[in-house]
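In the text below, chain A, chain B and the rest are named by the order of the sequence lines, each starting its count at 1.
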Amino acid sequence: MPMKIEQALTSLVIQAIRSLYNSTVESKSIVFQKTNAEYEGDLTIVVFPFLKISKKSPEVTAKEIGAYLQANSPEVEHFSVVKGFLNLVISGQYWFDYFTKVAENTGYAFVPVTDSSPTVMLEYSSPNTNKPLHLGHIRNNLLGYSVAEILKVNGNKVIKANLVNDRGIHICKSMLAWKKWGNGETPESAGIKGDHLVGKYYVEFDKNLKSQISNLKSQGLSEEEAEKKAPFMLEVQEMLRKWEAGDAEVVGLWKMMNSWVYKGFDETYKMLGVDFDKMYYESDTYLLGKKMIDEGLSKNVFNRGADGSVFIDLTPDGLDKKILLRSDGTSVYMTQDMGTAVERFKEFPELSKLIYTVGNEQDYHFKVLFLVLKKLGYKWAESCYHLSYGMVELPEGKMKSREGKVVDADDLIKEMIDTARETTMELGKTEGLELHEAEKLYHAIGLGALKYFILKVDPKKKMLFNPKESIDFNGHTGPFVQYTYARIQSVLRKGGSVVGSRLSVVGINRKEKNLIKIIYDFPGVVQDAGREYNPGVIANYVYELSKEYNQFYHDITILKEENADLRNFRLALSAKVAEVIRSGMNLLGIEVPEKM
RNA sequence: GCUUCCGUAGCUCAACUGGAUAGAGUGUAGGCCUCCGGAGCCUAAGGUUGUGGGUUCGACUCCCGCCGGGAGCACCA
């Protein structure tokens, strides 16, 4: 990657200040920003921080520094001053040279992974096996996958992990309902995906339990008592005990129903295009944390209550007391998470970061988890990070899975693809496409729209999904970017290939310069996205690039340009834009079609 | 009640981490296919950034107080 012009200018500004005002400034205080479109210029230096040193007005200071830069840097063509802002015009030659240097280098924005690169484990997805995936899971999956890809191109080895919540009382609920009312129904016999079938029995259980509870309440029991004494509740608890004791029949049922669910999940994962390097199952790991109870007690980090329960008192840290072992000796979620974290650093001692992709409703949980690990003396505790994301809300409010107010993942994916198919046909773009190619295209567009819609939003913020309005293919959307890519491919097919490093052009126009400047920004954007764990940075960037290209395409002739050098340059520029769009979209897990 | 996150155009989202007159899309009203793909391009209207103070050359951004909303609050996961 060529050196950034900002670096060279920074040291020049330091020189300027030394020579003009006989003083030194830190490079940190020299901030560059893009020049506003309404003024002439490429880069702007804010001179307010230097006024104390120069003891002159903002205008004079800016002019003096500007003159120095112009005199000492061939890249600074000229400059102008507006109030305290020094606007620098960087020569077209510089931008053109930059372009020829990166034109042939597809990885110019990426940090390569080597043997000595740090290893990061990123956990995401982590579903429960008692119901199918919904829109909330989709955000988790897309976010996790994308951040993993972004970390890779920032020079990290990434292990994508999925910890499946495959045991516990909620799983037993589906099992019990199926046993009672299922009549041996299977995904095959019912013609339903396995995860949906199991989910159906989960709902069934809940319904029947509720009617039992309301019966008991009408007999005069309180809500709390009724919940505890409902026969179905007692039965399901008994089932969980049997499962933990290894009862052959219960375990057999559990295995069968879970295998249905996994098959269903695999289909959904495949449609979403997400994958994992490492699968963990809670049935293997849920006992891990128990060992740490003694460790914590002997280190006086944990306390034992009179009833035998174990807890940690975090009130000195501004948090609460947190139970870690129930009075009956069983462990809670927190304990399990402690155990699995320790286990992972044992399994992968080279881990430099452990990232959990989990919704922000668990912010407190992870705050406590990391603090407990730190108090136990694990120095890697500070390398743990909660990639917290906001909830997806519907126009009518939060999704409630128990009330059936959810957007089912499989339904939504299908709807996106159907809409892509309809739109493509309406626009008459299916000509000359084989059927299976067409279907691949609808998938790319439908999923592209969905993924882009979700990933363009800052993960930290909650987002609204309106099923009627959110499926849009125009404007600031995935298909807009895909369309721009396909359009460029069409130009390149007609224009032939050119060697970007052997170009010569006398001058570049404003639109060309704008495009090169955006291409120039890509490395920094990739870095920002990685530092912030935010795919939205990439999404907004590829949109900006696409928009600029479409203007260029509209205003500037490419194929019919008579000057061969200019024509070649514009073809090479188009090819580079397409390549950056493709690599950016791939970081979001979105495919770009050659035609659409 | 305590802790915590959030309020930006009618709607959905940005704003380079404290910098210029807060930007896009969508929707609304208009315009652009004799030119490489109209899923595109251009123009217009649309804002006291919830609100009141403070910090400073400068605040959507930092601090404090209100108003409104979400989430979490030891033996659920």
Side-chain angles (χ1 to χ4, degrees), chain A residues 31-39 44 46 48-49 51-52 58 82-85 87 128 165 168-170 282 305 307-314 318-334 336-337 359-365 367-368 388 390-391 393 397-398 420 423-424 426-427 429 445 449 453 456-458 460-466 469-470 472-477 479-484 486-492 494-495 521 524-525 528 532 536-537 539-540 543-544 546-547 550-551 553-561 570 574 595-596:
Chain A
V31 284
F32 289 90
Q33 56 189 61
K34 289 181 200 162
T35 305
N36 271 16
E38 57 219 278
Y39 301 111
T44 295
V46 186
F48 288 110
L51 298 185
K52 278 179 194 149
V82 182
K83 291 188 280 182
F85 299 91
N87 300 325
N128 292 342
N165 182 235
I169 195 84
H170 50 296
E282 209 182 282
D307 58 1
S309 65
V310 175
F311 63 92
I312 182 167
D313 185 2
L314 295 172
L319 303 173
D320 295 314
K321 288 180 183 172
K322 178 68 195 173
I323 193 99
L324 296 170
L325 198 69
R326 295 187 189 107
S327 47
D328 67 3
T330 57
S331 61
V332 296
Y333 187 44
M334 184 65 72
Q336 296 177 35
D337 269 2
N360 65 7
E361 61 214 337
Q362 294 195 37
D363 283 354
Y364 182 77
H365 173 81
K367 212 171 177 180
V368 171
S388 167
M391 297 291 100
E393 290 175 11
K398 253 201 88 175
T423 309
T424 307
E426 267 174 37
L427 292 170
K429 304 232 171 165
I445 298 173
F453 181 82
K456 78 172 180 190
V457 182
D458 186 335
K460 290 193 287 291
K461 298 188 178 175
K462 69 175 186 329
M463 63 176 293
L464 190 116
F465 185 88
N466 185 333
E469 291 169 12
S470 297
D472 200 347
F473 293 175
N474 300 316
H476 189 178
T477 66
F480 171 88
V481 179
Q482 290 172 318
Y483 174 77
T484 309
R487 195 183 217 185
I488 295 174
Q489 294 313 307
S490 168
V491 174
L492 296 178
K494 288 171 187 162
D521 285 338
V525 165
D528 287 350
E532 294 169 22
V537 174
N540 287 314
Y543 172 70
E544 192 196 344
S546 301
K547 209 166 110 83
N550 280 325
Q551 289 175 11
Y553 179 87
H554 185 265
D555 295 351
I556 310 290
T557 302
I558 303 168
L559 294 177
K560 291 187 176 163
E561 171 58 49
R570 287 175 186 161
S574 299
K595 295 176 184 174
M596 69 181 275

Student: Using a heavy-atom cut-off of under 4.0 Å over every strand shown, decide if A/I445 touches base, sugar-phosphate, or nothing.
Tutor: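 Contact class for A/I445: base.
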Student: Closest approach of A/S574 and A/L492, non-hydrogen atoms and distance?
Tutor: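 In terms of heavy atoms, the two residues are closest at CB-CD2, 4.5 Å.
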Student: Rounded to the nearest 0.5 Å, what's the gap from CG on A/N540 to NE2 on A/H476? Could you check?
Tutor: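 If I round to the nearest 0.5 Å, the distance is 4.5 Å.
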Student: What is the separation between atom CG on A/N165 and atom P on B/C76, rounded to the nearest whole Å?
Tutor: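 Atom CG in A/N165 sits about 15 Å away from atom P in B/C76.
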Student: Check the phosphate of B/A77 against A/Y333, side-chain N and O only, distance under 4.0 Å to OP1 or OP2. Yes or no?
Tutor: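 A/Y333 to B/A77 OP1/OP2: no side-chain N or O under 4.0 Å.
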Student: Mind checking who B/G30 pairs with, Watson-Crick or G-U wobble, both distances under 3.5 Å?
Tutor: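 Paired with B/C42.
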Student: With both distances kept under 3.5 Å, what pairs with B/G1, Watson-Crick or G-U wobble?
Tutor: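 Here B/G1 is engaged in a pair, and the nucleotide opposite it is B/C73.
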Student: Write down the distance between CD (A/E426) and P (B/A39), rounded to a whole number of angstrom.
Tutor: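 These atoms are roughly 12 Å apart.
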Student: Nearest of B/C13, B/U17, B/G38 to any side-chain atom of A/K456?
Tutor: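 Of all the options, the side chain of A/K456 is nearest to B/C13.
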Student: Summarise protein proximity over nucleotides 18-26 of chain B in one line of letters, 5' to 3': B for base, S for sugar-phosphate only, - for none, counting protein heavy atoms closer than 4.0 Å.
Tutor: -BBB--SSS
Student: Given B/A14, is OP1 or OP2 found less than 4.0 Å from the side-chain N or O atoms of A/K461?
Tutor: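 Looking at the OP1 and OP2 atoms of B/A14, one of them is under 4.0 Å from a side-chain N or O of A/K461.
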Student: Does any nucleotide pair with B/C60 by Watson-Crick or G-U wobble geometry, both distances under 3.5 Å, and what is it?
Tutor: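 Pairing partner, where one exists within any strand: none, as none qualifies.
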Student: Rounded to whole angstroms, how far apart are CG on A/N550 and C1' on B/C36?
Tutor: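 Rounded to whole Å, this separation is 13 Å.
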Student: Over all strands shown, is A/E282 touching base, sugar-phosphate only, or nothing at heavy-atom distances under 4.0 angstrom?
Tutor: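 Sugar-phosphate contact only - A/E282 comes under 4.0 Å of backbone atoms but never of a base.
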Student: For B/G65, which nucleotide is its Watson-Crick or G-U wobble mate, given both distances must be under 3.5 Å?
Tutor: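 Pairing partner: B/U51.
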Student: Quick one: label A/L427 by what it contacts on the DNA or RNA (base, sugar-phosphate, nothing), any heavy atom closer than 4.0 Å.
Tutor: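 Since a base atom lies under 4.0 Å of A/L427, the category is base.
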Student: Taking the same atom, C1', in B/A15 and in B/G23, what whole-Å distance lies between them?
Tutor: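 About 7 Å, rounded to a whole number of Å.
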Student: Which heavy atom in A/A449 sits nearest to a heavy atom in A/D472, and how many Å separate them?
Tutor: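 Reported closest heavy-atom pair: CB-O, 4.2 Å.
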Student: To the nearest Å, give me how far apart CG (A/D458) and C1' (B/A15) are.
Tutor: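 So the CG-C1' distance, A/D458 to B/A15, works out to 12 Å.
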Student: Measure the distance from CD1 on A/I558 to C1' on B/C35 and round it to the nearest whole Å.
Tutor: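 Between C1' of B/C35 and CD1 of A/I558: 11 Å.
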Student: Quick one: does A/R326's side chain have a donor or acceptor within less than 3.5 Å of a partner on A/V332's backbone?
Tutor: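 Not a single qualifying donor-acceptor pair exists.
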Student: Would the A/F453 and A/F465 ring centres measure less than 6.0 Å apart?
Tutor: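 Here the rings of A/F465 and A/F453 have centres that are less than 6.0 Å from each other.
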Student: Return whichever of A/L464 or A/L559 has its heavy-atom-nearest nucleotide of RNA chain B closer to the 5' end.
Tutor: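 Looking at RNA chain B, the more 5' nearest nucleotide goes with A/L464.
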Student: Separation of A/K595 atom NZ from B/A39 atom C1', in whole Å?
Tutor: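 Distance check: A/K595 NZ to B/A39 C1' gives 17 Å.
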Student: In whole angstrom, what separates A/M596's CE from B/G40's C1'?
Tutor: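 In whole Å, B/G40 C1' lies 11 Å from A/M596 CE.
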Student: Give the intermediate values and the outcome of side chain to side chain donor-acceptor pair (under 3.5 Å) for residues A/S388 and A/D363.
Tutor: CA-CA 7 Å; A/S388 167; A/D363 283 354; 2.8 Å; yes
Student: Sub-3.5 Å donor-acceptor pair from the side chain of A/N36 to the main-chain atoms of A/E38, do we have one?
Tutor: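 Not at all, since once roles are kept as given, no pair shorter than 3.5 Å links the two residues.
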Student: Starting from P on B/U56, measure out to CG on A/L51 and report it in whole angstrom.
Tutor: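 Interatomic distance, CG of A/L51 to P of B/U56: 16 Å.
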Student: Under a 90° cut-off about 0 for the syn range, is B/U34 syn or anti?
Tutor: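 The base of B/U34 is oriented anti (glycosidic angle more than 90° from 0).
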Student: Taking pairing as Watson-Crick or G-U wobble with both contacts under 3.5 Å, can you name the mate of B/A15, or confirm there isn't one?
Tutor: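 None - no nucleotide pairs with B/A15, as no candidate has both distances under 3.5 Å.
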Student: Give the nucleotide from the list B/C36, B/A14, B/C41 with an atom nearest to the side chain of A/N540.
Tutor: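 Nucleotide nearest to A/N540's side chain: B/A14.
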Student: Classify the ring geometry of A/F85 against A/F48: parallel below 30°, tilted from 30° to 60°, perpendicular beyond 60°.
Tutor: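 Answer is perpendicular, since the angle exceeds 60°.
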Student: Using a 4.0 Å cut-off on protein heavy atoms (strictly under), produce a 5'-to-3' string for nucleotides 69-75 of chain B with B for base contact, S for backbone-only sugar-phosphate contact, and - for none.
Tutor: --SSSBB
Student: At under 4.0 Å between heavy atoms, what does A/S388 touch on the DNA or RNA strands: base, sugar-phosphate, or nothing?
Tutor: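 It contacts nothing in the nucleic acid.
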Student: What is the nucleic acid contact for A/I556, judged by heavy atoms within less than 4.0 Å: base, sugar-phosphate only, or nothing?
Tutor: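 Base, at least one base atom sits under 4.0 Å.
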Student: Is there a donor N/O on one and an acceptor N/O on the other, under 3.5 Å, for the side chain of A/T484 and the base of B/A39?
Tutor: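 No, the side chain and the base share no sub-3.5 Å donor-acceptor pair.
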Student: What's the gap between B/A20 and B/U61 when it is taken at their C1' atoms, as a whole Å value?
Tutor: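 The answer is 16 Å between these two C1' atoms.
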Student: Output the distance between atom CG (A/L314) and atom NZ (A/K322), rounded to the nearest 0.5 Å.
Tutor: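 A/L314 atom CG to A/K322 atom NZ measures 10.0 Å (nearest 0.5 Å).
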Student: Backbone N or O of A/F480 within a donor-acceptor pair of the A/T484 side chain at under 3.5 Å?
Tutor: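 Yes: the side chain of A/T484 pairs with the backbone of A/F480.
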Student: What nucleic acid atoms does A/K460 come within less than 4.0 Å of, heavy atoms only: base, sugar-phosphate, or nothing?
Tutor: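 It contacts nothing in the nucleic acid.
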Student: With a 4.0 Å cutoff (strictly under), does any side-chain N or O of A/R570 reach OP1 or OP2 of B/C36?
Tutor: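 Answer no for this pair, as no side-chain N or O of A/R570 is under 4.0 Å from OP1 or OP2.
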